[in-house]
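Data first, discussion second: the structure below is written as structure tokens.
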Amino acid sequence: LFYKRSNNRQQHAFEVAVLLDNSGSMSRLADELKQALVLLAEVLRRLEVKLAVVRFGRAHGQVVLKGLQEPFSAQALQLALEAMTFDEGTYSASACEFVAREVFKDAGSANPSSGSSQTPVPAAAAAAAGLGAEDGAGTVHH
């Protein structure tokens with residue numbers, strides 16, 4: 001990312017999705033999670049990197065709290081943080097699949113309609129208290 005800002009010839013547009021674990025075990029880390037997300041969002045904003053925020057918990061209950069195309073604002077980030085309830089499970093594999101399918105659905109191809117020839121480069125980071133092992137039926141085994 002830092003190379004992107006120092007080299008004007010870079011032809012990639014980085015896109016970052018942050019996955020937030022909405023499980024009960026994350027409630028004890030709520031303050032740290034909020035501080036980390038605010039700091040990361042500010043750094044990415046200054047680097048002009050698109051940011052998406054996704055809440056996950058249930059196997060099929062992922063929610064995009066801030067999309068990649070939404071402009072960054074303090075209000076958007078505040079709404080995302082207020083949407084954290086810390087009362088679900090930890091279905092991290094389902095969340096990763098959701099992000100690949102829904103958030104990064106156009107990754108790897110330049111968007112000619114936007115007037116940009118930059119190719120999106122997706123990256124994802126997860127904040128989770130633990131990782132459960134999901135079986136094919138979406139059941140988590142800790």
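Positions are given from 1 along the sequence.
If you chain together hydrophobic residues whose side chains sit under 4.5 Å apart, L47 and V18 fall into the same group. A continuous path of Ile, Leu, Val, Met, Phe, Trp and Tyr side chains, each step under 4.5 Å between heavy atoms, connects L20 with V43, placing both in one hydrophobic cluster. Residues L37 and L79 do not share a hydrophobic cluster, defined by chaining ILVMFWY side chains whose heavy atoms lie under 4.5 Å apart.
To the nearest 0.5 Å, atom CZ of residue R55 and atom CE of residue M26 are 13.0 Å apart. Here the straight-line distance linking atom CD of Q35 with atom CG of L81 works out to 11.0 Å at 0.5 Å rounding. The CZ atom of R101 sits 9.0 Å away from the OG atom of S94 when rounded to the nearest 0.5 Å. The NZ atom of K34 lies 8.5 Å from the CE atom of M84; values are rounded to the nearest 0.5 Å. Between D87 atom CG and R58 atom CZ the span is 8.5 Å, to the nearest 0.5 Å. Here the CD atom belonging to E48 is positioned 13.0 Å from the CZ atom belonging to F14, to the nearest 0.5 angstrom.
D21 has its side chain out of reach of Y91: every pair of non-hydrogen atoms, C-beta onward, lies at least 4.5 Å apart. The shortest distance between side-chain heavy atoms of V49 and E15 does not fall below 4.5 Å. Counting heavy atoms from C-beta on, the side chains of V53 and L51 come closer than 4.5 Å.
Scored by the salt bridge (Lys or Arg N to Asp or Glu O under 4.0 Å) test, E70 finds no partners at all (sequence neighbours excluded). Partners of V64 by side chain to side chain contact (heavy atoms under 4.5 Å, CB included), not counting sequence neighbours, listed by chain and number: V54, F98, V103.
With hydrogens and angles disregarded, a donor-acceptor distance shorter than 3.5 Å links the side chain of N22 to the backbone of T85. With hydrogens and angles disregarded, a donor-acceptor distance shorter than 3.5 Å links the side chain of S27 to the backbone of G24. Looking only at distances, no side-chain donor or acceptor of K66 sits under 3.5 Å from a matching main-chain atom of L77.
Counting all heavy atoms, side chain and backbone alike, S25 lies closest to A129 at OG-CB, 3.3 Å. Closest heavy-atom contact between A127 and L33: CB-CD1, 3.4 Å. A123 approaches F104 most closely through the heavy-atom pair O-CZ, 3.3 Å.
Residue pairs meeting the side chain to side chain donor-acceptor pair (under 3.5 Å) criterion with at least one member in residues 71-80, sequence neighbours excluded: Q78-E82.
Neither side chain, T90 nor S92, offers a donor N or O lying under 3.5 Å from an acceptor on the other.
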